[in-house]
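Below is one structure, written out as structure tokens; the observations come after it.
Letters A, B, ... are given to chains in the order of the sequence lines, protein chains preceding strands, and every chain is numbered from 1.
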Protein chains: 2
Amino acid sequence: MAIHECVQLVPIFQELAEPQLDTIESIVRHHHYQAGETIFSADDPLDQLMIVSAGQVKVYQLAANGREQLLYLLQSGEIDGEAALFENQRRTSFGEALVPTDVCSIRREDFQNLMQQYPSISINVLNVFGKRLTQLERQTTSTATESVEARLANYLTETAASLNTNTFKLPLKKKDLATFLGTTPETISRKLTRFEQLGLITQKAGKVIQINDADQLLLTE
Amino acid sequence: MAIHECVQLVPIFQELAEPQLDTIESIVRHHHYQAGETIFSADDPLDQLMIVSAGQVKVYQLAANGREQLLYLLQSGEIDGEAALFENQRRTSFGEALVPTDVCSIRREDFQNLMQQYPSISINVLNVFGKRLTQLERQTTSTATESVEARLANYLTETAASLNTNTFKLPLKKKDLATFLGTTPETISRKLTRFEQLGLITQKAGKVIQINDADQLLLTE
DNA sequence: TTGATTTCTTGACGGCCGTCAATTTTTTAA
DNA sequence: TTAAAAAATTGACGGCCGTCAAGAAATCAA
């Protein structure tokens, strides 16, 4: 079994050498979760940085009215717990394993020491946060100003682009996709059917979508 | 005139001593903008960190359909240009002075050097980003899942809480408030009238709002 | 495989809120 | 102060999309 199983694949530790990775490994705690299991909940004290070393984690929030919002779908190598950097901060989001998942955690104090010792780590974390901020800004703008149809069209073309193929399997159930896009499963069904009737996409078995005309899809309003 | 006029009040430079502030001052460029003037636009190369030293800056984004979204209302001491930390990143947001405003800018390369030299700076920037992420996460959840009425009620009570008073002047025109909350000026007018009819608030001259029952206001759905 | 459970789809209905337009109020500038 | 411009209010209307419900399809467990 690899010693640095989780630590060595994480982008934020990229520049570090072997002995430093050993140090980190010694203060990291490993956890395993089954699909569907809760990794952290809103009332947990927020005192750890989480690193997803294998699997996928849904991170979502509850609104005042009880509806939930999927914020991130963390992949292997991604981190969560940005607010873990401050004192007296409480978590407002929930984490749930989407598939069997391995997570490493580092206590806030330890991570703060690490950043003091190896400044490259904080620069790397800054990059992660910057990208996440940019993404969230776009998402906020999108949900606040665009129709569900436009948001779904965007999601489909972006997913296709990131996978570099026109035919792909939706990585989420419709219910999760709905809470991500700020809509309902019913509406997603209807919109996909409509896209298909317009010839813009083709729906195949097992959540597989084929995009026929990405340009036209994006013109949907 | 104070030498460190802009640098010394910025939280991210807090721990630094006089000689270090001198260094920073020497690489900072100062700008002044009139109310309504554009500070940066979407196609500007994103190669500077902006520091608002006096005044207020509206930061907003354009959606694909042309509608705009107000993301931040930067106050004195706040920064913008998080993505300035990466290479090859293009700006997607616009900045506009809301009142006469002073801004300092630091070139990306200089700022990266500063962070290398003084690690406390990157820790401070991390704190700023963390808070902004938390705020954006809540905003995304709110616009995606709650009604306009609930969002407006939230905005009013939060503004009152942050100002520590029940009577305050709206810091934005209704049009800007609308693009912040993801709605229209007309709807805001109607909702405020409705709140007043319910006895929850009182509207006074000059955009002044008095909150009569914050608890009941938050129960609005 | 087979039944049980979850997920998805489709229809009907209604409310929230965006749009357009006209009037009133406030702000701005000379 | 006064006229012009900008902002805000109010009404009418309609469409998007959320909700509820029922049936179909897919997934899962044994």
Side-chain angles (χ1 to χ4, degrees), chain A residues 34-36 58 63 65-70 96 98-100 142-153 155 169-198 201-209 220-221, chain B residues 34-37 58 63 65-70 96 98-100 141-153 155 169-198 201-209 220-221:
Chain A
Q34 317 262 356
K58 285 193 300 182
N65 55 17
R67 289 179 54 176
E68 61 184 41
Q69 168 70 34
L70 179 59
E96 183 185 310
L98 192 63
V99 295
S142 179
T143 52
T145 66
E146 293 180 332
S147 68
V148 170
E149 204 164 297
R151 275 177 272 159
L152 178 58
Y155 174 82
K169 177 175 174 170
L170 289 175
L172 292 168
K173 293 176 191 164
K174 293 241 162 65
K175 187 189 162 225
D176 288 329
L177 190 51
T179 69
F180 181 66
L181 295 176
T183 181
T184 61
E186 294 93 324
T187 297
I188 292 194
S189 266
R190 282 186 252 265
K191 296 302 180 187
L192 287 180
T193 302
R194 178 151 190 278
F195 288 159
E196 189 160 34
Q197 286 168 350
L198 294 172
I201 69 169
T202 306
Q203 297 190 69
K204 305 189 172 182
K207 290 198 188 65
V208 173
I209 302 270
T220 310
E221 300 241 340
Chain B
Q34 317 262 354
E37 209 173 339
K58 285 194 299 181
N65 56 17
R67 290 178 53 176
E68 59 185 41
Q69 169 71 33
L70 179 59
E96 182 187 310
L98 192 63
V99 296
T141 302
S142 180
T143 52
T145 66
E146 295 181 329
S147 68
V148 169
E149 205 164 298
R151 276 178 272 160
L152 178 58
Y155 173 83
K169 177 174 173 170
L170 289 174
L172 292 168
K173 293 175 190 163
K174 291 237 163 70
K175 187 188 161 229
D176 287 329
L177 190 50
T179 69
F180 181 66
L181 295 176
T183 180
T184 61
E186 293 95 324
T187 297
I188 293 193
S189 266
R190 283 187 251 265
K191 296 302 180 187
L192 286 179
T193 302
R194 179 152 189 277
F195 289 158
E196 189 161 33
Q197 286 168 350
L198 293 173
I201 68 169
T202 307
Q203 297 191 67
K204 305 188 172 181
K207 292 198 186 66
V208 173
I209 302 270
T220 312
E221 300 240 340

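- D:dA8 atom C1' lies 12 Å from atom NZ of B:K173, rounded to whole Å.
- Annotation: side chain of A:L177 is not in contact with side chain of A:T183 (no heavy-atom distance under 4.5 Å).
- Here the OG1-CG distance, from B:T187 to B:L152, works out to 10.0 Å after rounding to the nearest 0.5 Å.
- Here A:K174 does not reach the OP1 or OP2 of C:dC8: none of its side-chain N or O atoms lies under 4.0 Å away.
- For A:L170 and C:dT7, the CG to P distance is 15 Å, given to the nearest whole Å.
- In this entry the distance linking CG of B:L152 with C1' of C:dC17 reads 13 Å, nearest Å.
- Protein atom CD of A:Q197 is 13 Å distant from nucleotide atom C1' of C:dT9, rounded to whole Å.
- Rounded to a whole Å, the CD atom of A:E146 is 15 Å from the P atom of C:dG18.
- Between atom CG of residue A:D176 and atom CG of residue A:L170 there is a gap of 11.5 Å, rounded to the nearest 0.5 Å.
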Legend entry - Sequence-aligned protein contact record of nucleotides 25-30 of chain D, with B where the base is within under 4.0 Å of a protein heavy atom and S where only the sugar-phosphate is: --S---
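- For B:R190, the salt bridge (Lys or Arg N to Asp or Glu O under 4.0 Å) criterion is met by no residue, not counting sequence neighbours.
- Residues passing the side-chain hydrogen bond (donor to acceptor under 3.5 Å, both in side chains) test with B:Q203, sequence neighbours excluded: B:E196.
- Rotation axes derived from the C1' atoms of the five outermost pairs at either end of the helix from C:dT1-D:dA30 to C:dA30-D:dT1 lie 70° apart, to the nearest 10°.
- We find the OG1-CZ distance between A:T220 and A:R194 to be 7.0 Å, quoted to the nearest 0.5 Å.
- Using a 4.0 Å cut-off between charged side-chain N and carboxylate O, A:E186 and A:K174 make no salt bridge.
- In the region residues 182-195 of chain B, proximity to DNA chain C at under 4.0 angstrom, judged on heavy atoms, holds for B:G182, B:T183, B:T184, B:E186, B:T187, B:R190, B:K191.
- Note on B:K175: every side-chain N or O is 4.0 Å or more away from OP1 and OP2 of D:dA7.
- Judged by distance alone, the side chain of B:Q69 and the main-chain N or O of A:T145 form no donor-acceptor pair under 3.5 Å.
- In this entry the distance linking CD of A:Q203 with P of C:dC8 reads 12 Å, nearest Å.
- Between B:E149 atom CD and C:dG15 atom P the separation is 15 Å, expressed in whole Å.
- Rounded to the nearest 0.5 Å, atoms CG (B:L70) and CG (B:L172) are 6.5 Å apart.
- Straight-line distance from the CG atom of A:L177 to the P atom of C:dC8: 9 Å, rounded to whole Å.
- Every side-chain hydrogen bond (donor to acceptor under 3.5 Å, both in side chains) that B:S142 has, sequence neighbours left out, goes to B:E146.
- Residues A:P185 and A:A178 come closest through the heavy atom pair N-CB, 3.5 Å.
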